[in-house]
Amino acid sequence: MSAILKTDQLRVEFASREFRGTTTTALVGLNLEVQAGEVYGFLGPNGAGKTTTINALLGFVPPTSGTAHLFGIDVRQPIARQRIGYLPELTYYYKFLTAEELLRFYARIFGLSRAESDRRIEKLLKLVELEPVRNRPIKSYSKGMQQRVGLAQALINDPDLLILDEPTSGLDPLGRMKVREIIRRLKDEGKTVFFSSHELGEVETVCDRVAIIHRGELKASGRVADIVQPRHQNLEHAFLETIGYPIP
Amino acid sequence: MKTLFALARLTLTELYRRKDFYVLFILTAVVTLAAGSVNFFNDEKIIRYVKDLCLLLIWISTLLISVVTAARQIPAECEARTIFSLLAKPVTRGQVLLGKFLGCWLAVGLALLMFYAFFAIVTGSHEHRWPLGGYLQAIWLQWVMLGIVIAMSLLGSIHFAAPSSTSTICFVLVAGIVVVGPHLNTIALQQPQPLQTIAYTVYFLIPHLEWFDVRDRLVYGWASPAWQDIALASVYGAAYAGVFLLLAWLGFRRKSLNPG
Amino acid sequence: MNASPRLFLALVLTICVTLATSLAPRATAWSSRVQSDTVLGMLFGDGRKLFASQFFTMADVYFHSGYYPGIFDRKGKEIHIEEATHDSAGGEAEEMGDFRGPPRDWIEAFGRRFLISEHRHLQHGDEREILPWLKLAADLDPQMIDTYTVGSYWLRQHLRQPLQAEAFLREGLRNNPDSYEILFELGRLYEENLEDPDRARNVWELALRRWQQQPPEAQKENRLGYEEITLHLARLEEKAGNWADALRWLQAAQTMSPAPENLQRQIDALREKLADPASKLLP
C-alpha cells in the first residue's frame, strides 16, 4: 500500500521573535506515513508542533530540511493540493457570503462545472446539516455551524485526503458528535483523514492509527490498540506517559 | 484563469454587499444635487461648478473605494484565516494576489460607471449634450490610474499589517504624487546637491498619476486628448501596476503565514 | 435585558420633548447667529478668508477656461480677472501663452498632452460660470471688495443682469459701508446700464466723500480711485450740459492725475465751451 501523506526527516525552524538572530525549532526530523483509507489522529499538547506540521504539509511553511509529499508530489507544488481538503482551526469564513455561495466560490477555484458544483453543494449541505440555512449569511451562523461549513468547503473537491486541524475545537458536545459522525461517514466512503487534536476521547473512537508528537518530535505512532497497551487504562494514560507527564 | 475570476468575483461580491460604495455614491449624489440646486444670481444655466464638484467627489470616492478595498484584502484573509483554506486549494500566492487585484479593479470599474452615469445625467439634463467620447476617455484613464493605486495598495498591504496604515500611506502617496509629483523636476532645480539628484530620481520613479486626470477638459469643455496618447498612458499605467504587483508578489511569496 | 420596544420608544420621545423644550431658547439665539454668519462661514471658520481668496482665484481660473498657472509654474504669473475685465485678451494672451515654458523632459512633455494648453476666455454668456465662485468668495469674506465690483461688472456688462448686479453691490455696501469702490461701481451701473444719471451722480458724490474720509496715507495710495470718480462725474455733468460742474470735476481730477497735461486739454475745451454763449444752450 502506498503512503498518501509522507514526511521524511521534516525539520522546521523559525526565526525567534524575541531574540534576533536565534531560531526556534518547531519540528525535529519528523517521519510520518498515512496510508489510503485510514483515519489518522495526530496528537500532542498545545505547542507540540501539530499545526506547524500541517502548515508544512500544505506548503504554508517551508521546511528547513527534509521533505513532505502528498500523493507522492512535493508539497511545494500547488498540484499536490488538488486532491486534498483542509479544515483550518478557528476560521471565520467570508461573512458577506451565504454557505451556498461560499461552497460555490471554492468549487470555482477547483474549476468544477456548474452542474457538478450544484450536485456537490447539495450533497455537502445535507452532510453537514446546513441545508435549512444555506441562504443565510455566514455571519449569522453559530460557531458549530461555521465549523461545519468549513468542513463542507474542505470536501467540495471530493478529496481523497482530508486534513483537519482541531476540527472539534471550541464546539459543544453535540457539535463534536456531529463532526465525529461526519468523519466516520467519510471513512466509510474510503477517504483518508488526517486530523490533529488533543481531544483524546474522540481520537480513540474515530482513529485507526495515531501519532503522538511532543516538542516537535515524534514520540509514538501506531494503531490505537498498540499504543494503549495492557498497562494503560486508556489512550489518555498512554498519551500522558508518552509525553513524560508524571501519572499519579 | 478560472481561479483568478473566482477570486475576482469574491471581491466584487464583497464590494456590493458592503455599505462603503453606497454611502459614497449617495454622498456624491446628495452633495452634487444640493450644489446644483443653489441659485446664483437667478441664472439657471450655471453648471460648470457643479461638474467640477461632482468630478472631484467621484475622484475622491473612487480613490477611497480602491485604496480601502485593496488594502484590506490580504490582511482580512489572514486575520479571518481564510487564506489558509484558500492556499490549501491548488492556488498559488501569485494567483491570490492577481485575483484580488482583478476583483478590486473590476469592482472600482463598475463603481466608476455608476458614478459617471450619474454625472452624465446631471450635466446632460442642464447642457442638453452628451459628449460620450470624452466621458469614456475620462472613465478609462481614471480606471487605469486606479489600477496603479490598487496595485500600490496591495503592495502596501503585504508590508503593513493594519489596513488602516496601508490606506493612510497610500492616500498620502497618491495626494503627494498628484499635487507635487508633476513639479518635482522644477523643485529639483532649486535644490542643492544631493537633494537635486534625489528629487529628480523620485520624479522619474513615481507613477505620474496626473496624466490620468482629464477632469478639467470635461469641466471647461475642451476637446479630449488624442487616442494614441491615451493608449500610451494606458501602457505606462499597466507597466506601473505590473511592477507594483510584481513587488507585492515577491513580498507575499516570502511572507510567513504561520497561523499556529 | 428584554425591554419592550414601546417602552424604549416612549423613553426616546420623552428625551426628545425635554430636549426640545430646554433647547428652544438657545436655538432662537443660534438662528439669529446663523443669519448674521453664513453656513459656509461657520463651516470654514477662521480659514474663511483663505478660502475666499482661493474661490476668487477659481473665478479667474474659470474665466481662463482652466488654462492657469499654478504655484509651481515657471513664471508663476497670475493674470487677475479684474485686469482682464478692463483689458481684452490681446497682450494678456501672449503672457499667458507660455507660462509653462518649454518642457524639461519627456515626462513633462507627454503630461502636457493631457493638460489644457490653450488660452481661451469665457464669452457669449459663458461668463456666468465664474459667478458661483464670486458669490462664495463674498459669502466667506464679505470684506473682500473686489468680489463685489468684479461680480457686478460681469453681471451688468456681459450678462445683462443689472438688477442682480445692483443687489450684489448693495450686499457689498451693507458689509462695507465705507467702500468708495463699491459706490463707484454702483454709480457706473446707474449711469451705464440703468440710465439714471441723477442716482449715479448722488452715488459718485457719496463715493468721493467716502474717499475723502480715508486717512491721508490711504488717500495717497488710492489716487487713481479719486481720479476715476471725479472723471466720471465730469463726464456725467458734461453729458448733462453742466459745463461749469464738469469743469470743476475735471480740475479736481487733474490734482490727482498721473497725466495732468492730458486733462488740461479737456479743461481748455470746456473753458472754450463756457466762454461761447451759444454752446450753453446745447445739452
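Chain A is the first sequence line, chain B the second, and so forth, proteins listed ahead of strands; every chain is numbered from 1. Hydrogens, waters and symmetry mates play no part in the numbers below; they use all other heavy atoms, side chains included.
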Trainee: Answer yes or no: does atom NZ of K191(A) have more than 12 heavy-atom neighbours from other residues, nucleotides or ligands under 6.0 Å?
Mentor: yes

Trainee: Does any part of the side chain of F84(B), heavy atoms only, come nearer than 4.5 Å to the side chain of L58(A), both counted from C-beta?
Mentor: no

Trainee: Side chain, backbone, both or neither: which part of Q77(A) has a heavy atom under 4.5 Å from chain B?
Mentor: neither

Trainee: Which heavy atom in Q82(A) sits nearest to a heavy atom in P90(B), and how many Å separate them?
Mentor: OE1-CG, 3.0 Å

Trainee: Answer yes or no: is there a side-chain heavy-atom contact under 4.5 Å between L97(A) and R17(B)?
Mentor: yes

Trainee: Roughly how far, to the nearest 0.5 Å, is the CD atom of Q153(A) from the CG atom of L86(B)?
Mentor: 9.5 Å

Trainee: Check each atom of Y94(A) against the heavy atoms of chain B and say whether the ones under 4.5 Å are side chain, backbone, both or neither.
Mentor: both

Trainee: What's the spacing between L102(A) CG and L10(B) CG if we round to 0.5 Å?
Mentor: 8.5 Å

Trainee: Counting only heavy atoms not in R136(A) (residues, nucleotides, ligands), do more than 12 fall under 6.0 Å from its CZ?
Mentor: yes

Trainee: So, the side chain of R81(A) versus the backbone of L87(B): is there a donor-acceptor pair under 3.5 Å, distance only?
Mentor: yes

Trainee: Check whether R9(B) gets within reach of chain A through its side chain, its backbone, both or neither, counting any heavy atom under 4.5 Å.
Mentor: side chain

Trainee: Please state whether the side chain, the backbone, both or neither of Q95(B) comes within less than 4.5 Å of a heavy atom of chain A.
Mentor: neither

Trainee: Taking CZ in F118(B) as the centre, count heavy atoms belonging to other residues, nucleotides or ligands within less than 6.0 Å. Is the count above 12?
Mentor: yes

Trainee: R108(A) and A6(B): which non-hydrogen atoms are nearest, and at how many Å?
Mentor: CB-CB, 3.5 Å

Trainee: Applying side chain to side chain contact (heavy atoms under 4.5 Å, CB included) to K89(B) and Y106(A), what does each step give before you reach the verdict?
Mentor: CA-CA 8 Å; K89(B) 313 272 185 275; Y106(A) 286 117; 3.4 Å; yes

Trainee: Between L4(B) and chain A, which part of the residue has a heavy atom less than 4.5 Å away: side chain, backbone, both or neither?
Mentor: neither

Trainee: Is atom CD of E116(A) surrounded by more than 12 heavy atoms (other residues, nucleotides or ligands) closer than 6.0 Å?
Mentor: yes

Trainee: If you count the non-hydrogen atoms of other residues, nucleotides and ligands that lie under 6.0 Å from NZ in K219(A), is the total more than 12?
Mentor: yes

Trainee: Should L15(B) and F96(A) count as side-chain neighbours, where that means a heavy-atom distance under 4.5 Å?
Mentor: no

Trainee: Just checking R215(B): does its CZ atom have more than 12 heavy atoms from other residues, nucleotides or ligands closer to it than 6.0 angstrom?
Mentor: yes

Trainee: Count the heavy-atom pairs under 4.5 Å between each of G99(B), S85(B), A76(B) and chain A, then report the option with the highest count.
Mentor: S85(B)

